[in-house]
Amino acid sequence: MSADHGTAALAAREVVRWFGAPTGARRVLDAVDLDVRAGELVTIGGPSGSGKSALLAILCGFDRPDSGTVLLLGEPLTKPPRWERCAILPQSIGLLDELTLAENVALPIRLTGQRTVLAGRVAPLLAELAVDHLADRFPHEVSFGQRQRAALARALVAGPRVLVADEPTAHLDADAVTTVLRLVRGCADGGAAVLVATHDPRVHAVADRTLRLDGGRLAAA
């Protein structure tokens, strides 16, 4: 796969990850190379269990490769970055149970210290994703799909330079999928580097490039 290393906002270099005990270890990621440029939407497909979520966790600093390097905005990634640099929508959603949906969405901005723009960012995103009427509810009080939409709002609220999303449409109806596709595509069109792991052909259809992870190897689909 060709790559412009000079302009990649998110990059993996020879990333290897083993899972399992030493006597039965399996190489989930086998010398993975990846570049995602600013303004580009890249999707990754592949069978369940192929390592897509494992790769995304490494690319966001939530896990470390056994060997290889991850570069975020040209610098080696050694720990989870701030949300305005790289935001993630994990498959597990990851909302904090003790915070309302609105408080969860606002959290990245609070962490960056940009409190003055809270009202201007949180409410419109919740409204666009049709969960504004649930803003004061806690995660356990809403459906999984509604939590997923709130988690996407949280990922977008700080205007990240890199967005990584794991199966962002898996639990949504057709109308919600259309909105998610517009927001994810718009994030890339606005200059962010966007990487999405998905089984959904509708997501692949709006991507600039589609890759496939299988047998630990990443290649053009």
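When a residue number appears, it is its place in the shown sequence, counting from 1.
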Inset, instruction - Scan residues 168-193 for pairs that pass salt bridge (charged side-chain N to carboxylate O under 4.0 Å, His left out), counting only residues two or more places apart or in two chains. - result: E128-R182, R185-D189, R185-D208
Inset, instruction - Enumerate the residue pairs fulfilling salt bridge (charged side-chain N to carboxylate O under 4.0 Å, His left out) with a member in residues 138-157, sequence neighbours excluded, ordered by first and then second residue. - result: none
Inset, instruction - Decide yes or no on side chain to side chain contact (heavy atoms under 4.5 Å, CB included) for V203 and L181, but give the supporting numbers first. - result: CA-CA 7 Å; V203 184; L181 293 180; 3.7 Å; yes
Legend entry - The single option from T179, D200, T178 passing side chain to side chain donor-acceptor pair (under 3.5 Å) against T169: D200
Which heavy atom in [X] sits nearest to a heavy atom in [Y], and how many Å separate them?
X	Y	result
A135	L126	CB-CD1, 4.0 Å
A220	L211	CA-CD2, 3.9 Å
A11	D35	CB-OD2, 3.7 Å
L172	P168	CD1-O, 3.4 Å
W83	P160	O-CB, 3.4 Å
A9	A38	CB-N, 4.1 Å

Legend entry - Side-chain cluster (under 4.5 Å, hydrophobic types only) that W18 belongs to, other residues: V16
Close side-chain approach of [X] and [Y], heavy atoms under 4.5 Å:
X	Y	result
L10	C86	no
V42	V196	no
L72	V162	yes
R209	E40	yes
H171	S143	no
L34	L218	yes
L29	P65	no
L152	L129	yes

Inset, instruction - Please test I44 against L55 for side chain to side chain contact (heavy atoms under 4.5 Å, CB included), starting from the C-alpha separation and ending with a verdict. - result: CA-CA 10 Å; I44 300 178; L55 175 60; 3.9 Å; yes
Using modelled atom types only, decide if a donor and an acceptor are shared between the side chain of [X] and the backbone of [Y] within a distance under 3.5 Å.
X	Y	value
N104	L99	yes
Q148	I93	no
D33	E14	yes

Same cluster or not: are [X] and [Y] linked, directly or through other Ile, Leu, Val, Met, Phe, Trp or Tyr residues, by side-chain heavy atoms under 4.5 angstrom apart?
X	Y	value
V177	L125	yes
V142	V131	yes
L73	L77	yes

Working to the nearest 0.5 angstrom, can you tell me the gap between [X] [atom1] and [Y] [atom2]?
X	Y	atom1	atom2	value
L95	Q146	CG	CD	11.5 Å
L163	L89	CG	CG	7.5 Å
R13	S67	CZ	OG	14.0 Å
I58	S53	CD1	OG	11.5 Å
R82	K79	CZ	NZ	9.5 Å
D66	F19	CG	CZ	8.5 Å

Inset, instruction - Assess the side chains of T210 and T43: does a donor N or O sit below 3.5 Å from an acceptor N or O? - result: yes
Inset, instruction - Determine whether the side chains of T100 and D136 contain a donor N or O and an acceptor N or O closer than 3.5 Å. - result: no
Inset, instruction - May I have the step-by-step check of side chain to side chain contact (heavy atoms under 4.5 Å, CB included) for R26 and R17, ending in yes or no? - result: CA-CA 8 Å; R26 178 171 68 97; R17 188 69 170 96; over 6 Å; no
Legend entry - K52 and D166 ion-paired at < 4.0 Å: no
Inset, instruction - Identify whether the distance between the nearest side-chain nitrogen and carboxylate oxygen of E84 and R161 falls below 4.0 Å. - result: no
